[in-house]
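Encoded as structure tokens, the structure appears first; notes follow it.
Letters go in sequence order (proteins before strands), and every chain restarts at 1. Small disclaimer: the values here were computed from a predicted structure and weren't measured.
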2 protein chains.
Amino acid sequence: MSNDPIARYRRFSRAVTKEVGALDQSFLGRGRPLGTARVLNAIGHGKTEVSVLRDYLGLDSGLLSRLLRGLETEGLVTTSAHPEDARARVARLTEAGEAEFQAYEALSNDRATRALARHPHPEALLAAMDLVASALGRDSIEIVEADPRDPASRLCLEAYYAELAARFDTGFDVSLSRDPEATDMILPRGSFLLAMSDGMAIGCVGLKGSGGPVAEIKRLWISPSARGLGLSKRLMTEIEARARALEITTLRLDTNSKLPEAVALYRNTGWSEIDRFNDDPYPDHFFEKNISS
Amino acid sequence: MSNDPIARYRRFSRAVTKEVGALDQSFLGRGRPLGTARVLNAIGHGKTEVSVLRDYLGLDSGLLSRLLRGLETEGLVTTSAHPEDARARVARLTEAGEAEFQAYEALSNDRATRALARHPHPEALLAAMDLVASALGRDSIEIVEADPRDPASRLCLEAYYAELAARFDTGFDVSLSRDPEATDMILPRGSFLLAMSDGMAIGCVGLKGSGGPVAEIKRLWISPSARGLGLSKRLMTEIEARARALEITTLRLDTNSKLPEAVALYRNTGWSEIDRFNDDPYPDHFFEKNISS
DNA sequence: ATGGGTATCTGACATTGGTCAGGTAACGGT
DNA sequence: ACCGTTACCTGACCAATGTCAGATACCCAT
């Protein structure tokens with residue numbers, strides 16, 4: 001409907017403010033102020049170093065210190081010196097702390113489950129939420145190295161295969177394709193990168209090395225919810241840097257005209273089209289880029 | 001991507017929590033605590049009665065009272081007795097208050113504008129936001145009577161026409177159709193209802209009366225972002241009640257097989273198919289329902 | 001006109017959240 | 001060994017928020 005975009009954005013904003021407020025309220029039900037509960041949850045989610053906690057929660061050093069001590073006297077948390085820097089401290093949940101944390105998790109999960117169950121098309125709602133989350137969180141999307149056999153990587157790769165299957169008239173069967181060995185895409189031969197948005201993998205790219213100066217780019221994929229945010233360019237820039245660090249001078253890749261965004265990206269970022277260099281049945285475009293300069 | 005739905009929901013939740021927090025921070029920039037700013041904004045948005053304010057903001061009576069007095073001594077608000085109940089009070093913005101309110105509005109609008117401008121497909125982002133907002137706000141969707149010539153009504157009707165144009169192979173030209181006179185869809189002859197979600201019209205339905213016992217249902221439409229929430233049933237139930245109140249005993253409507261959801265709805269809610277009762281070129285299904293019982 | 005109920009205000013407090021200026025211990029380079 | 005720096009803790013303090021028990025004025029039904 002052709003309503004004012006700003007009005008629509010703000011209606012969204014009000015709706016989620018309410019939702020967020022309700023979740024906070026439900027957290028209060030465990031007899032602990034919100035700040036304390038947030039610290040407990042952050043620790044539970046793996047933010048163990050105090051400096052990381054401070055940063056993540058945006059808290060003053062003094063305040064966080066007091067909240068931590070509160071949790072310690074409650075018996076939910078223990079702190080100890082950081083093994084590599086005795087000035088810094090790390091916080092850990094005790095058994096009781098873990099139980100409390102799980103109770104908060106259950107509250108969150110319940111809310112999520114119920115909200116999704118109430119909707120007639122949960123998948124559509126989730127797709128919309130993914131889109132919004134990627135858009136709002138675009139500044140905090142990080143590129144990290146991963147093993148292509150990790151669960152997060154596998155999710156990306158499977159989504160990638162599924163998308164190829166949908167886009168190619170012939171479908172796509174990865175076993176017919178030149179599927180690289182995972183070990184070719186990890187150090188010391190190659191690399192595999194994930195774009196992580198708040199713990200969720202939303203894109204990937206692989207560098208398949210051979211030990212020599214020529215390597216191949218494989219498996220560039222961005223989640224539909226995160227397209228247009230410039231992520232593929234970021235991933236490619238980063239993987240090129242990794243390739244240079246491995247003393248690779250020439251990169252190649254193959255792709256398909258059914259993926260016009262990809263073809264356009266390569267054309268616009270210094271790749272030149274070359275002759276077919278393999279007998280993989282799927283690709284119909286082949287590119288090369290010299291990165292030795 | 002086939003991630004855990006709960007994880008996806010919670011990633012969304014974290015992303016918007018951050019966004020909401022950032023907006024709150026920006027409100028703080030005007031040298032007024034958040035609670036006070038919220039009260040000012042609520043008044044600006046038409047929540048004038050103190051009881052409504054309390055309810056809307058979820059504040060304790062004492063706290064709200066103090067915040068209001070603060071705004072009064074700042075010269076931004078005046079309160080006076082409610083004209084119909086001198087126990088209650090209504091708050092109004094002074095000229096200075098209106099200016100402050102507009103400053104907060106500008107902050108909100110700026111944020112919205114910038115967030116949208118940063119996205120490559122603002123319309124896609126907005127569609128996702130509409131979907132989420134309708135889903136999260138479904139409990140607060142209200143059915144209200146409106147004039148079909150009001151701007152909010154016109155937005156719905158135009159969206160309805162646009163959708164018919166897209167769905168019918170022949171397109172849709174409202175001037176070729178039996179477009180009811182607006183006055184046939186307001187009291188005392190008929191009625192026109194809007195489904196309002198937080199100030200935005202997301203659905204409509206019309207009752208075209210003739211003064212006699214037979215009337216027609218027209219213009220049933222639900223925004224794509226709000227489909228599946230049971231809104232059309234709510235609108236139909238409500239408009240039937242209005243028809244009964246007008247001593248109408250028989251309702252008729254025409255529709256098109258290109259709108260299968262609508263046809264299914266009528267079949268499932270007590271309508272029986274009848275012969276063509278008009279020469280409108282677009283419809284190919286005709287229904288009738290006796291509501292005198 | 002009377003009494004029970006309602007809407008808001010007031011004052012007294014308690015809790016929470018946030019800030020700041022030292023203080024202590026450890027680090028890292030010289 | 002020393003010194004500037006870093007990470008965290010402590011204590012003091014203040015503003016904001018939340019809670020509660022009357023007080024006041026008004027409403028409405030009888």
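No contact: A:Leu64 has no heavy atom under 4.0 Å from any strand. Residue contacts for A:Ser65: at a heavy-atom cut-off of 4.0 Å it reaches a base atom on one of the strands shown.
There is no side-chain donor-acceptor pair under 3.5 Å between B:Arg92 and B:Thr78. No hydrogens or angles considered: a donor-acceptor pair under 3.5 Å links the side chains of A:Arg32 and A:Tyr104. A donor-acceptor contact closer than 3.5 angstrom links the side chains of A:Ser134 and B:Arg11.
Taking atom CG of A:Leu34 as the reference point, atom C1' of D:dG18 lies 14 Å away to the nearest angstrom. Whole-Å rounding puts the B:Glu72 CD to C:dT8 P distance at 13 Å. The interatomic distance linking A:Leu68 (CG) with D:dT10 (P) rounds to 11 Å, in whole Å. Distance CD (A:Glu84) to C1' (C:dA26): 15 Å, rounded to an integer number of Å. The interatomic distance linking B:Arg54 (CZ) with C:dT6 (P) rounds to 13 Å, in whole Å. In this structure, B:Leu57 places its CG atom 11 Å from P of D:dG18, rounding to the nearest Å.
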Distances for protein N or O near nucleotides 18-20 of chain C N or O, under 3.5 Å:
unit_1, atom_1, unit_2, atom_2, d
C:dG18, O6, A:Arg66, NH1, 3.2
C:dG18, O6, A:Arg66, NH2, 3.4
C:dT19, O4, A:Arg66, NH2, 2.7

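Distance check, rounded to the nearest 0.5 Å: CG of B:Leu229 to OG of B:Ser197 gives 9.5 Å.
Results of the side chain to side chain donor-acceptor pair (under 3.5 Å) test with B:Ser191 over B:Glu145, B:Glu238, B:Arg242 single out B:Glu145 as the only residue that passes.
Of the side-chain N and O atoms in B:Arg69, one or more sit less than 4.0 angstrom from OP1 or OP2 of C:dT10.
Each of C:dG17, C:dC9, D:dC27 was ranked by its minimum atom distance to the side chain of B:Asp85; first place goes to D:dC27. The side chain of A:Pro33 lies closest to C:dT16 when the candidates are D:dT17, C:dT16, D:dC8. Side-chain proximity of A:Arg89 to D:dC8, D:dC26, D:dT17: nearest is D:dC8. Of all nucleotides listed (D:dA7, D:dC8, C:dG17), D:dA7 comes nearest to the side chain of A:Arg87.
Both A:His82 and A:Thr36 sit near DNA chain C, but only A:Thr36 has its closest nucleotide nearer the 5' end. In terms of position on DNA chain C, the residue among A:Arg38 and A:Ala86 whose nearest nucleotide sits closer to the 5' end is A:Arg38.
A distance-only check finds no donor-acceptor pair linking the side chain of A:Thr249 to the backbone of A:Ile291 [under 3.5 Å].
In summary, the aromatic rings of B:His45 and B:Tyr56 are positioned with their centroids too far apart to meet the 6.0 Å limit.
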